[in-house]
Amino acid sequence: MSTKDQSITSKTTNKADRHQEKLFLADVKAIIIEAGLGKTRSAILKKQLIVYGGQYHRSIQSDTTHIIASKNIKLARLCTILKIDTIPSNLIVVDADWLSQSLTKGQLIDVGQFNLVKRVQPKTTSVQLDKALTKDDNAATLEHGKKEQIKRHSDASPCTDNSDHNEVPPASQKRPLEEKKISSPVWLKIKRGRFSKTNTKKRAIDNSNIIHQPLDSDSDYVESDDDNNANTSEIEMVLSQLPAKYTAKPSSSWACARPSSLPVKNRNKHITDILEILQKKYENLGDQWRVKGYTKAISSIKNYPREITTREEAEAIPNIGKRLADKIWEIISCGHLRKLDYMDNDVQTALNVFTKIWGAGPATAHNWIAQGLYTLDDIRAKAKLNYHQSIGLKYYDDFNERIPRAEVVEIEAVIREEATAIEPGLEVITCGSYRREKPTCGDVDILISHPNGRSHQGAYHKLLRRLQAKDFLTEILVNQDVDIDHQKLLGVCKLPEEGRKYRRLDIIVVPYREWACSLLYFTGSGHFNRSMRLLARKKRMHLSEHAISVGVLRKVTACSVLKYGNQKLTRGTPVPTKCEADIFALLGLDYLEPKDRDC
DNA sequence: GGGCAATACTG
DNA sequence: CAGTAT
DNA sequence: GCCC
């Protein structure tokens, strides 16, 4: 009866856990504003608040600490409801998501990004408390201005405190902040004109009919850096013309709608370790959809605050269905999953090794194994390799090694130096996991463009030649040279010093009108991108690395066959974007900083 | 029972 | 087109 | 795989 024993012991620990957790809202004495949250949600929040030791206040009292409200509520409305003129400075006005997410986690999370009222300059007007547009850069300084002793995590992020990338962000990143009211009529006019033109170039990407920035043809318009007419008003205008159901704020079940959580302690490692082995197996099988299911499930489990003790408990976790619940139950009751015993470990090992060769995937790996090859030496000696795979094999060890941030900085410096020598105004920014502030990176992703909308042209080829001349760029895997505006390099680079490793380097050059979408795409994470693109689609929009369009119609069954030439599908109207925040705003999302997109 | 991101290369 | 990559 |  080992199962019984186990459930008894775990019950006790569970109880202890719960007792501790009871306290986690003890310092929260809050008013919950129903407006914008809805009856149901506010009732749940109220109940949970009390269950976990917090106090619910009906009106402001001397010891009230928090006001919990919908992030969409206007300050004026809030004051009306509370029957006050200004928010007392000792109160933290916080987005209800803060409480929701704290409850999910079973512990208080940092209030920072959920803070709805920035204290530094008290706002008097009915400013919309819109994080998406205010948080962006000032946040750090503003939000921590006030007391928040409840702060839990000393939130030391594991990342090296490298502020390099903070100085890098191009001006455009900051644009929404500098919120000018000028609604840039010039821009609007020209873009409307262009919209009507159908520009169906064969290869044209889905931005072919996007607005070209005024200056590429005519040019009384010169974009100077301080002419930052933020797109905000235009985005709002677009939004105002959309049906309400497409402008609604997505629930936090969307990965792109919530900040990626700080790593919590995984209390179910015994489970996830096994599921990861299974996942790997399906990955090697090329079963991408099953892999996707596992990915989401494993992530949910890792974020689950308690040890899972019953099948029901497991099945109640999002992304865990009956089948995974059964597996989990087998693991927790037997400590083992029999399915693993049926796996041919030699084959699995070989598959794992082979698919780590750049350019080789499950199909290739299986072929090799079918030919009786099992080790890298076998491959070296006998396998037939295409060009990519031969490079992948040549640098097998180096490519599978993580790159420390510090080295990414060095690599970026080389590229920036060369780029700047070609054209001083080029913007060069490192994206990918580097921009998401990971301590190490798998490769280096560099995005290049020019704010004047045209000087990026030609830079790519010159850059490549210079980098090759320096023996910095040592291999070119893929050289995508789509048109005068779009290039992409997948290559290999090495810093000059002896003993440096060969690193995977990606460079993309894009026209400035695509800056925001490119930056968003290239920054990832992959999961984040997929989530956001799916959301866009649900809202009848279309998001790619080139543009975001509204009013997209797809054939019911053939949505994935959205191909350029297909007249039956309307590709919608591209919306000009100047910064990532514009895209978030269009999708009704709160802005997330790169580090919060690490899902 | 269908959908799960969107693009672009290689061979 | 299948496979691999971003 | 999961979700709708």
Side-chain angles (χ1 to χ4, degrees), chain A residues 203-207 253 255-256 275 278-279 281-283 285-301 315 317-328 354-367 384-392 399 431-433 442-447 476-483 486-491 504-508 510 514 517-518 520-538 541-549 552 554 556-564 571:
Chain A
R203 277 198 106 167
I205 341 237
D206 58 11
N207 69 316
S253 64
C256 58
L275 295 185
L278 267 182
Q279 179 186 34
K281 174 188 140 160
Y282 291 119
E283 221 171 287
L285 272 174
D287 188 342
Q288 55 160 324
W289 302 126
R290 191 167 259 125
V291 169
K292 192 169 155 62
Y294 272 82
T295 305
K296 297 182 82 173
I298 291 170
S299 163
S300 295
I301 298 173
E315 205 173 339
I317 299 173
N319 303 310
I320 303 217
K322 192 168 179 322
R323 311 194 60 186
L324 273 176
D326 285 344
K327 291 190 176 64
I328 291 171
F354 292 171
T355 52
K356 281 193 287 190
I357 298 173
W358 200 90
T364 313
H366 273 281
N367 276 337
K384 186 171 163 247
L385 303 169
N386 64 25
Y387 177 67
H388 288 171
Q389 292 154 356
S390 65
I391 301 296
F399 286 1
C431 305
S433 47
D443 61 4
V444 182
D445 304 303
I446 294 192
L447 174 64
I476 293 178
L477 289 158
V478 175
N479 189 353
Q480 257 180 45
D481 194 354
V482 178
D483 58 36
H486 303 86
Q487 294 89 24
K488 179 168 181 173
L489 165 84
L490 309 186
R504 278 276 299 101
L505 170 67
D506 296 346
I507 298 177
I508 58 180
V510 303
E514 296 182 10
C517 288
S518 297
L520 184 73
Y521 157 69
F522 222 27
T523 298
S525 65
H527 183 193
F528 177 86
N529 286 347
R530 293 166 82 162
S531 171
M532 209 167 187
R533 289 170 175 205
L534 184 62
L535 174 65
R537 171 188 285 216
K538 281 258 159 50
M541 300 184 195
H542 182 86
L543 174 62
S544 79
E545 53 271 48
H546 301 296
I548 180 165
S549 307
V552 176
R554 295 175 175 82
V556 185
T557 52
C559 45
S560 59
V561 200
L562 180 69
K563 290 271 155 58
Y564 305 141
R571 283 186 282 144

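Since this is a predicted model, take the numbers as computed values, not measurements. In the text below, chain A, chain B and the rest are named by the order of the sequence lines, each starting its count at 1.
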Peer 1: If a pair satisfies side-chain hydrogen bond (donor to acceptor under 3.5 Å, both in side chains) and one of its residues is in residues 524-534 of chain A, list it, with sequence neighbours excluded.
Peer 2: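 Residue pairs passing side-chain hydrogen bond (donor to acceptor under 3.5 Å, both in side chains), neighbours aside: A:Arg533-A:Glu545.
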Peer 1: Please state whether the phosphate of B:dC4, meaning OP1 or OP2, lies under 4.0 angstrom from any side-chain nitrogen or oxygen of A:Lys296.
Peer 2: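 The answer is no; no side-chain N or O of A:Lys296 sits under 4.0 Å from OP1 or OP2.
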Peer 1: Phosphate oxygens OP1/OP2 of D:dG1: is one of them under 4.0 Å from a side-chain N or O of A:Tyr282?
Peer 2: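 Indeed, a polar side-chain atom of A:Tyr282 lies that close.
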Peer 1: Want to settle it: does A:Trp289 or A:Leu477 sit nearer the 5' end of DNA chain B, counting the closest nucleotide to each?
Peer 2: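 Final value for this comparison: A:Trp289.
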Peer 1: Between D:dG1 and A:Arg323, is there an OP1 or OP2 to side-chain N/O distance shorter than 4.0 Å?
Peer 2: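 Checking A:Arg323 against D:dG1: at least one side-chain N or O falls below 4.0 Å of OP1 or OP2.
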Peer 1: May I ask you to say what A:Ile357 touches in the nucleic acid, namely base, sugar-phosphate or nothing, with a heavy-atom cut-off under 4.0 Å?
Peer 2: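 Result for A:Ile357 = sugar-phosphate.
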Peer 1: Select base, sugar-phosphate, or nothing to describe what A:Lys538 touches, counting heavy atoms under 4.0 Å on all strands.
Peer 2: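 Touches nothing.
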Peer 1: Verify the contact: side-chain N or O of A:Arg290 to OP1 or OP2 of D:dG1, cut-off strictly under 4.0 Å; return yes or no.
Peer 2: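 A:Arg290 to D:dG1 OP1/OP2: side-chain N or O found under 4.0 Å.
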Peer 1: When the P atoms of D:dC3 and B:dA5 are considered, how many whole Å apart are they?
Peer 2: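 Rounded to whole Å, the distance is 15 Å.
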Peer 1: Using a heavy-atom cut-off of 4.0 Å across all strands, would you classify A:Ala536 as base, sugar-phosphate, or nothing?
Peer 2: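 Here A:Ala536 touches no strand at all.
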Peer 1: Can you tell me which stems DNA chain C forms when a stem means 3 or more consecutive Watson-Crick or G-U pairs under 3.5 Å?
Peer 2: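 Listed by first number, the stems are B:6-11 with C:1-6.
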Peer 1: Please tell me if A:Lys292 has a side-chain N or O lying less than 4.0 Å from either OP1 or OP2 of D:dC3.
Peer 2: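 Checking A:Lys292 against D:dC3: no side-chain N or O falls below 4.0 Å of OP1 or OP2.
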Peer 1: Between A:Tyr282 and A:Tyr294, how do the two ring planes meet: parallel, tilted or perpendicular, split at 30° and 60°?
Peer 2: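 The rings of A:Tyr282 and A:Tyr294 sit tilted, inter-plane angle from 30° to 60°.
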Peer 1: Where does the chain A footprint on DNA chain C start and end, counting 5' to 3' with a 4.0 Å heavy-atom cut-off?
Peer 2: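 So the contact region on DNA chain C extends C:dG3 to C:dT6.
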Peer 1: Can you check whether A:His527 has a side-chain N or O nearer than 4.0 Å to OP1 or OP2 of B:dC4?
Peer 2: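 Indeed not, no polar side-chain atom of A:His527 lies that close.
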